Amino acid sequence: MLTNDKYDFKAIEKKWQQCWEQEKTYRVTPQPGRPKYYVLEMFPYPSGRIHMGHVRNYSIGDVIARYKRMQGFNVLHPMGWDAFGLPAENAAMKRGIHPAAWTQENIDYMRGQLKAMGLSYDWDRELATCRPDYYRWEQQLFLKMLERDLIYRKETTVNWCDDCQTVLAREQVIDGTCWRCDQPVLPKIMYGWFFKITDYADELLADLGTLTGWPEKVVTMQRNWIGKSTGLACDFRVEDSDQSITIFTTRPDTIFGVTFMSLAVEHPLLKSLTAGKPQEQQVNDFIQQTLIDKQRANLELEPEKNGAFTGSYCINPFTGERVPIYAANFVLMEYGTGAVMAVPAHDQRDFEFARKYDLPVRVVVQPLGELLDPSLMNEASEAPGLLTASGPFTGLDSITAQQAIIDFAQNSGVGRPHVTYRLRDWGISRQRYWGAPIPVIHCQTCGIVPVPESELPILLPGAGELKGNHSPLHQQDDFIATTCPRCHKAARRETDTLDTFVESSWYFARYTNPGLTTGPIDQEAAAYWLPVDQYIGGVEHAILHLLYARFFTKMLRDLGYLTVDEPFTNLLTQGMVIKDGAKMSKSKGNVVDPNDLIEQYGADTVRLFSLFAAPPERDLEWNPQGVDGASRFLNRVYRLVVQSLPCFQDTAAVDIALLNEPSRQLYRKMHQTIRRVTENIETNFHFNTAISGVMELVNLAATVSGDKEVMDAAVQRETLETILTLLFPMVPHFCEELWQISGHGQPLNNAVWPEYNVEAAKEEEITIVIQVNGKVRAKLQVPADIDDQTLQQMAITEEKVARFLENKDPRKIIVVQKKLVNIVL
RNA sequence: GCGAGAGUGGUGAAAUUGGUAGACGCACUGGACUUAGGAUCCAGCAGGCCUAGCCUAUGGGGGUUCGAGUCCCCCCUCUCGCACCA
């Protein structure tokens, strides 16, 4: 396979891929006692073909996997398919084939593409979530959760995507549109199944503090999404009624400033509050109008505050005052209690509302150094301060007052401390075909009856034979008709399927023993492999998938399957691949097909470019000429090794004492490069700088080894071996081939990551910068072990510097060891 | 509006604790070898000027310091997330 100037990537890559496949080089098993490392890239949706984002994601993961292997870790690096989902159904309808067939075709094709990239996966662990041997265990988990009361079904307002004909979880609504098809999402009232993720809200929030290996940004996003607020829940008795309205506030210190009460239009008490009142018609009209407005909410603009007086009053338990009750368009039924005590002086929304409807504004908190006058205020004062006009609490500061008021409310029975979350329970019902069927039965007599575990899996009809009916299950009478497991009368199967995000919430645990036939998770294997040490994927899953997976981990722990609290110790959110300033997408017509590139340049070049062009967390601007650069570099290394083959016959160790200057220089650079590459990978996976380090070493090796007479063969050999070893995780076929060509018996794959020698890496001479008044005026080459005194003397007498010193005495001389001398005049 | 992050040559990007700004690439320019070069090799490449040198440059303006891309304050722009959350 030797050629003159360019390596034959086609032959080489094929050769090594076959070798790895035949020898199952990357198959792993638990080895108790040996340190493990679990590296995982977010598994792909089998959409048809891989794109550049995949290439980048998997290249990064593969470098980490190979690097850790060379460091002696037992590395788990699996791959599979997130295979349920709508595009399969849509494609199936368009092409007249079955979603299962379409999905299978895509998986087969994409697997080939991944193999062509030379990724070091343990393919024996491959899984596809659409297969019964995966989703039957998900169904079993569903039943366990149901048993534990972690799942419920209720009728509620859901997010409906008309285009996809299904319900979406709140996390799947992006700016009011569907995360998948970008169409507007509408509210719709219907029955749905929910996971009680809110049961874990507190732990999900608290454990964010343990995720020190996650990007700040993601942690913050999750914290905000969970949105914990603490405060007071307080009951306001309705006048002339035995009902009361419970409000939630985070500002109990402002409770003496309440001048009205606002209710969400969906509030259950609203009807009875207006019944028989002169305002009834007006309020009903307002409710109707507000509901309509919400349907076609203009997302850009916050609508003007609007409301209607109900004709009823409630009593502020702290002041005994009558408080008028309004229905208001800005109060959310989904948050808190759907009722808000309005304090216009200290809440901007209440302020706007009060000004509009001419309601009183009463100041009860004076911020420091200010004297608020309600008649002069043009916005609310939300800052804390000292309480005024607040009965026994007057004079307290806001923080103290909040606690005092909560205590008082609790003691007098009108209120209690309360915590509320922004996080909602996870709606998992989907009204589409291509998903895991929910294993319950609806019986007229017995109600909702879980399918007995022995009857699992509930197979998706038609999916097994890859043909037949794939309309939504609620349209498939054969599927629906069943008998009740309890009373054995005719009953109906549940027709909703599970949100595809359920599959991806536990796949990382299934990988630890994907073939297990006795349960969803092999506890022993999971205990060995989990948590995932390094997880890699797009930041678009910062909330969605990553929150769900955290929830599942905690829940599976409580069900006894797992022993970890968190699934992913370290998270790397890789940037997007962009071209012409925009994310690659079919609609923009700026996609680059990895297939064409691999065909033209080979997988190693494509991998190298995607690693070199930018650090992984940053967006990567696609530059076709950059690929040429990567290719050029590899060919240069190839020529260098081929031209230097004789040096590999010298197997003597390097003897530093005998080295001439050029040899010593190269040897030093080699050790420096090992240090640099190792550090770049260890600290933050900055492969771009790691590669540039190797490039410098290659450049130096190429220059000095032209000088065959003086170059020490052992140094030359060690340098080339080092170059190949350091590059191996990034361009494995290429390095493995050159390793073999240069006469090594054992594959490079089994080699150990090199260690650098501190002594050998040490510079003998260093460059010292001489500054005058902070400006660089000269540079000096000095021995590395020079003392400050000598250095200072040399600096002052340096001729370029001396000119500045004429007629002047230095005021101060700063010497920074091994770096610089600054002479201040 | 709130929260997070980012602004460095023509371009992708580098720069321990504050210590030579622009490593390594790409593009470009010149040269060599060539029938040829979109191969390879060599050299140059922030801008400016009164060119043995000097000055100005890391979004803008202040500040701290012997010394600031890096620290502090104010402002501008961009990206991302949340968005009437009581």
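It should be emphasised that the depicted structure is a prediction, and the values quoted were computed from it without experimental measurement. Chain letters run A, B, ... following the sequence lines, proteins first and then strands; every chain starts at 1.
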For [X] and [N], is the shortest distance between a side-chain N/O and OP1 or OP2 below 4.0 Å?
| X | N | value |
| --- | --- | --- |
| A:R639 | B:C41 | yes |
| A:K812 | B:C66 | yes |
| A:S229 | B:A86 | yes |

With heavy atoms under 4.0 Å as the rule, sort [X] into base, sugar-phosphate or nothing.
| X | result |
| --- | --- |
| A:V824 | sugar-phosphate |
| A:V331 | base |
| A:Q771 | base |
| A:D350 | nothing |

Whole Å only: how far is the [atom1] atom of [X] from the [atom2] atom of [N]?
| X | N | atom1 | atom2 | result |
| --- | --- | --- | --- | --- |
| A:E617 | B:C80 | CD | C1' | 15 Å |
| A:I174 | B:C80 | CD1 | P | 13 Å |
| A:D619 | B:G5 | CG | P | 17 Å |
| A:R424 | B:C85 | CZ | C1' | 9 Å |
| A:F260 | B:A86 | CZ | C1' | 11 Å |
| A:E679 | B:U17 | CD | P | 12 Å |
| A:M333 | B:C84 | CE | P | 16 Å |
| A:R170 | B:A83 | CZ | C1' | 11 Å |

Closest listed nucleotide, where the reference is the side chain of A:R422 and the choices are B:A39, B:C85, B:G19: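 Given the options B:A39, B:C85, B:G19, the side chain of A:R422 is closest to B:C85.
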
Which nucleotide in the list B:U16, B:C84, B:A13 gets nearest to the side chain of A:N329?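 Per side-chain heavy atoms of A:N329, the pick is B:C84.
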
What's the gap between [N] and [M] when it is taken at their [atom1] atoms, as a whole Å value?
| N | M | atom1 | value |
| --- | --- | --- | --- |
| B:U51 | B:A14 | P | 38 Å |
| B:G22 | B:A36 | P | 39 Å |
| B:U58 | B:G10 | P | 13 Å |
| B:A4 | B:C66 | P | 33 Å |
| B:C33 | B:A43 | C1' | 15 Å |
| B:C72 | B:U64 | P | 16 Å |
| B:C42 | B:A52 | C1' | 27 Å |
| B:G7 | B:C54 | P | 31 Å |

Closest-nucleotide 5' rank along RNA chain B - winner of A:R349 and A:N224: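 Nearer the 5' end of the strand: A:N224.
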
Along RNA chain B (nearest heavy atom to each residue), the more 5'-positioned of A:M341 and A:V173: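 Its nearest nucleotide being more 5', the pick is A:V173.
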
I want to verify the glycosidic state of B:G9; is it syn or anti under the 90° rule?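 Chi for B:G9 falls in the syn range.
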
Is it the case that the side chains of A:W225 and A:E171 hold a donor-acceptor pair, with the cut-off being a distance below 3.5 Å and no angle test?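 Note: A:E171 and A:W225 side chains meet the donor-acceptor criterion.
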
Got a sec, which pairs hit salt bridge (charged side-chain N to carboxylate O under 4.0 Å, His left out) with one end in residues 218-233 of chain A, sequence neighbours left out?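 For residues 218-233 of chain A: A:D202-A:K228.
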
Under a 3.5 Å distance rule, please check whether [X] uses its side chain to pair with a backbone N or O of [Y] as donor and acceptor.
| X | Y | result |
| --- | --- | --- |
| A:D604 | A:F734 | yes |
| A:H418 | A:F248 | no |
| A:R607 | A:V63 | no |

Mark up nucleotides 46-59 of chain B, 5' to 3', with B wherever a protein heavy atom is under 4.0 angstrom from a base atom, S wherever such an atom reaches only the sugar-phosphate, and - elsewhere. -------SSSS---

Scan the side chains in residues 324-344 of chain A for donor-acceptor partners under 3.5 Å anywhere in the protein, sequence neighbours excluded, and list what turns up.
residue: A:N329; atom: OD1; partner: A:N306; partner atom: N; Å: 2.8
residue: A:N329; atom: ND2; partner: A:E304; partner atom: O; Å: 2.9
residue: A:Y335; atom: OH; partner: A:S229; partner atom: OG; Å: 3.1
residue: A:T337; atom: OG1; partner: A:T246; partner atom: O; Å: 2.6
residue: A:T337; atom: OG1; partner: A:A339; partner atom: N; Å: 3.4
residue: A:T337; atom: OG1; partner: A:A339; partner atom: O; Å: 3.3

Once side-chain hydrogen bond (donor to acceptor under 3.5 Å, both in side chains) is applied, what residue pairs with a partner in residues 252-264 of chain A remain, sequence neighbours excluded?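 The answer is A:R251-A:D253, A:D253-A:S398, A:D253-A:Q402.
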
Can you sort out the partners of A:R170 under side chain to side chain donor-acceptor pair (under 3.5 Å), two or more places apart, ordered by chain and number?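 By the side chain to side chain donor-acceptor pair (under 3.5 Å) rule, A:R170 matches no residue at all.
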
Report the residues that fulfil side chain to side chain donor-acceptor pair (under 3.5 Å) with A:T678, sequence neighbours left out, ordered by chain and then residue number.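 Result, side chain to side chain donor-acceptor pair (under 3.5 Å) vs A:T678: A:W753.
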
Partners of [X] by ring pair (Phe, Tyr, Trp, His ring centres under 6.0 Å), sequence neighbours excluded?
| X | value |
| --- | --- |
| A:W622 | A:F609 |
| A:H686 | none |
| A:W179 | A:F501 |

Using a 3.5 Å limit on both distances, find every run of at least three consecutive Watson-Crick or G-U pairs that involves RNA chain B.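 Output for stems: B:1-7 with B:76-82, B:10-12 with B:24-26, B:28-32 with B:40-44, B:46-49 with B:53-56, B:59-63 with B:71-75.
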
Got a list of side-chain donor-acceptor pairs under 3.5 Å for residues 771-783 of chain A, not counting sequence neighbours?
residue: A:N773; atom: OD1; partner: A:L825; partner atom: N; Å: 2.9
residue: A:Q781; atom: NE2; partner: A:T767; partner atom: OG1; Å: 2.8

Return the polar atom pairs (N/O with N/O) between nucleotides 22-28 of chain B and the protein under 3.5 Å, or none.
residue: B:A23; atom: O2'; partner: A:E696; partner atom: OE2; Å: 2.8
residue: B:G25; atom: OP1; partner: A:N699; partner atom: ND2; Å: 2.7
residue: B:C26; atom: OP1; partner: A:R632; partner atom: NH1; Å: 2.8

Does a side-chain N-to-carboxylate-O contact under 4.0 Å join A:R56 and A:D619?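 Answer for the salt bridge query: no.
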
Donor-acceptor pair (no angle test) under 3.5 Å: A:Q348 side chain, B:G1 base: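 Side chain to base: no pair present.
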
